[in-house]
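Nothing fancy with the numbering, it's 1 onward along the sequence. As the structure is a computational prediction, the values presented were derived from the model and not from experiment.
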Amino acid sequence: MALISKKKLHYPIREPLRTYLQHYDRETPLPVSYRDLRQIGGSFPLIDRQGHDTLWETVFYEPQALRELVTGLTQVYALLKTGSDLSFTEHLLADRIDYCRFGNSNPFRVRIVNLLNDNHDYFYVKQADASRVYGLELEHLLSPNRLSYLVSGDTLVEEHIAGIPGDDFIRTRLPQQHFNQVRIAKEFVKFNERCFARLLGDMRSYNYVIVITPDFEDDQYRVRAIDFDQQSYEGRKTMYLPQYFKDNRPVIDMCSRLLKPEAIRQYQTEERVLMLRRVRLERYRLKALMDCMRHDELAPAAKVDQLKAELNQHHHTTAFTRCASMGDVVRLNLMLMLGPAAGI
């Protein structure tokens, strides 16, 4: 069973990564910072429809501060969704701000309401952290998903990723028999492969969502990561394999029951080929990102050494011994899993 050792250390964004973000339009001045949102006047627990504590708190502010925040947050949402066009802010309203003390990033979640039709959406404001940014960017480049996020100084803004939380899906839907369980099992195998290839850790069931897409004969599923705090930070190899987390056990048991070993190998190969194609499409951008990552500090030296030793054993090689940083480890792991054609 995989266990998180301690709360993750914070790693600031250094100049090379900042330059990369500017070049690819990920950095822009924002009217509201994470520090502004920390000026909380009070809070109360946010309870879900079933009466359970969500671990989020709805926060409130002094009237003048709230007016300034509401205006600024609607502009942040417009920047995230529509670029520099702020004309849509006239019919947008930031009507609720939630705060989570649980986890590494202590995020704020902002609910935006469209006053023309009462439709609502969310986005998140967090402390900008280098490993979290690398996690977001690797997800954008190597997964089948595209992500919208912005950085401004020490503030990170992320779009909301819609889907059924993994823990809710396992608890309420997995026991049901009316959906295609083989397709869920297949997608979890692929998700497991993606996480390990790019060394994204801590994919416990509440850190990913299940996205369901109706098809003409049956539903399609995709497993999407929603938390990137543990990008290449831990020293234990099992931290990067969702199959080893206790709360994912019901899904793993289903995979073992429904999928033969040759089918699992097929799905793993399929995902590696898809990742390799994405690498080829984004070769120069990925190389620029890896060049930044290889010279950044993203984990304590002891964790880097532990992971190097465990990946040497996993891949039956000694090549990881020569890695000088966690970025080197990620790059080599990708090359070994995707093949020499990855060329990063």
Donor-acceptor side-chain pairing of Thr58 and Asp98 below 3.5 angstrom: yes
Does Arg183 form a side-chain contact (heavy atoms from CB on, under 4.5 Å) with Leu258? I'd like the steps, not just the answer. CA-CA 10 Å; Arg183 287 189 175 180; Leu258 298 177; over 6 Å; no
When every non-hydrogen atom of Lys303 is compared with those of Tyr233, the smallest separation belongs to CD-O, 3.2 Å
Could you name each residue pair satisfying side chain to side chain donor-acceptor pair (under 3.5 Å) that touches residues 69-80, not counting sequence neighbours? Tyr77-Asp121
State whether the side chain of Lys308 and the backbone N or O of Cys323 hold a donor-acceptor pair below 3.5 Å, judged by distance alone. yes
Heavy-atom count around Gln220 CD within 6.0 Å, excluding the residue itself: above 12? yes
Between Ser232 and Val330, is there a donor-acceptor pair closer than 3.5 Å when you use the side chain of the first and the backbone of the second? no
Please check if any side-chain donor atom of Asp95 sits under 3.5 Å from a side-chain acceptor atom of His120, or the reverse. no
Residue pair Ser33 / Asp36, side-chain donor-acceptor N/O under 3.5 Å: yes
Pairing of Asp154 and Arg35 as salt bridge, 4.0 angstrom limit: yes
May I ask you to check whether Tyr208 and Asp167 show a side-chain donor-acceptor distance below 3.5 Å? no
So, the side chain of Asp202 versus the backbone of Asp227: is there a donor-acceptor pair under 3.5 Å, distance only? no
Are Leu334 and Leu142 packed together at the side-chain level, in the sense that at least one heavy-atom pair is separated by less than 4.5 angstrom? yes
When you measure from the side chain of Asp48 to the backbone N and O of Thr54, does any donor-acceptor pair fall under 3.5 Å? no
Could you tell me whether His295 atom NE2 has more than 12 heavy atoms of other residues or ligands within 6.0 Å of it? no
To the closest 0.5 Å, what do you measure between CZ (Phe188) and OH (Tyr221)? 15.5 Å
Are Val113 and Phe88 connected in the hydrophobic side-chain network, where two residues link if heavy atoms are under 4.5 Å apart? no
Judged by atom type as modelled, is there a donor-acceptor pair below 3.5 Å linking the side chain of Thr155 to the main-chain atoms of Tyr34? yes
With a 3.5 Å distance limit and no angle check, can you tell me whether Gln39 reaches the backbone of Ala65 through a side-chain donor-acceptor pair? no
Should Met254 and Ile164 be regarded as members of a common hydrophobic cluster, given that ILVMFWY residues are connected when their side-chain heavy atoms come within less than 4.5 Å of each other, either directly or indirectly? yes
Can you tell me which residue pairs pass the side chain to side chain donor-acceptor pair (under 3.5 Å) test with a partner in residues 334-344, sequence neighbours excluded? none
Is a donor from one side chain sitting under 3.5 angstrom from an acceptor on the other, for Asp296 and Tyr134? yes
How about Leu307 and Glu234: do any of their side-chain heavy atoms sit closer than 4.5 Å? no
Side chains of Pro45 and Glu57, heavy atoms from C-beta outward: is any pair under 4.5 Å? no
Flag for Asn180-Asp218: side-chain donor and acceptor within less than 3.5 Å: yes
May I ask you to test the Leu93-Arg111 pair for a side-chain heavy-atom distance under 4.5 Å? no
With a 4.5 Å heavy-atom cut-off, do Asn248 and Gln243 have their side chains touching? no
Are the side chains of Glu139 and Arg198 in contact, using a 4.5 Å heavy-atom criterion? yes
Begin with the C-alpha distance, continue with both residues' side-chain angles, and end with the deciding distance and a verdict on ring pair (Phe, Tyr, Trp, His ring centres under 6.0 Å) for Phe108 and Tyr99. CA-CA 5 Å; Phe108 287 90; Tyr99 176 64; 4.6 Å; yes
Can a donor-acceptor pair be found between the side chains of Arg26 and Tyr24 at a distance below 3.5 Å? no
Between the side chains of Tyr149 and Glu137, is a donor N or O closer than 3.5 angstrom to an acceptor N or O? yes
Can you list the steps and then say if Arg257 with Gln181 is a side chain to side chain donor-acceptor pair (under 3.5 Å)? CA-CA 10 Å; Arg257 186 177 72 254; Gln181 294 187 344; 3.3 Å; yes
Could you check whether any side-chain heavy atom of Arg18 comes within less than 4.5 Å of a side-chain heavy atom of Val151, counting everything from C-beta outward? yes
So Phe179 and Phe169, ring pair (Phe, Tyr, Trp, His ring centres under 6.0 Å) or not? Walk me through it. CA-CA 12 Å; Phe179 67 91; Phe169 188 91; 5.8 Å; yes
Side chain of Asn333, backbone of Ala197: donor and acceptor closer than 3.5 Å? yes
Donor on one side chain, acceptor on other, Arg285 and Tyr20, under 3.5 Å: yes
Could you pull out the closest heavy-atom pair between Ile13 and Ala128, with the gap in Å? CD1-CB, 3.8 Å
Going by atom types only, do Gln64 and Arg67 share a side-chain donor-acceptor pair under 3.5 Å? yes
Check for me whether the distance between the ring centres of His140 and Phe228 falls short of 6.0 Å. no
Side chains of Asp247 and Ser205 only: does a donor on one sit below 3.5 Å from an acceptor on the other? yes
Leu200 and Leu286: same hydrophobic cluster, using ILVMFWY side-chain contacts below 4.5 Å? yes
Measure from the side-chain N and O atoms of Arg224 to the backbone N and O of Ile161, and report whether any donor-acceptor pair falls under 3.5 Å. no
Whether the Gln306 and Glu310 side chains hold a donor-acceptor pair (N or O, under 3.5 Å, no angle test) is what I'd like checked. yes
Close side-chain approach of Asp328 and Val304, heavy atoms under 4.5 Å: no
Verify the neighbour count for atom CD of Glu262: are there more than 12 heavy atoms of other residues, nucleotides or ligands below 6.0 Å? yes
Measure across Tyr122 and His160 and return the closest heavy-atom pair with its distance rounded to 0.1 Å. O-CB, 3.2 Å
Please determine if Asp129 and Lys8 form a salt bridge, counting it only when a charged side-chain N lies under 4.0 Å from a carboxylate O. yes
Using 4.0 Å as the upper bound for N to carboxylate O, is an ion pair formed by Lys287 and Asp291? yes
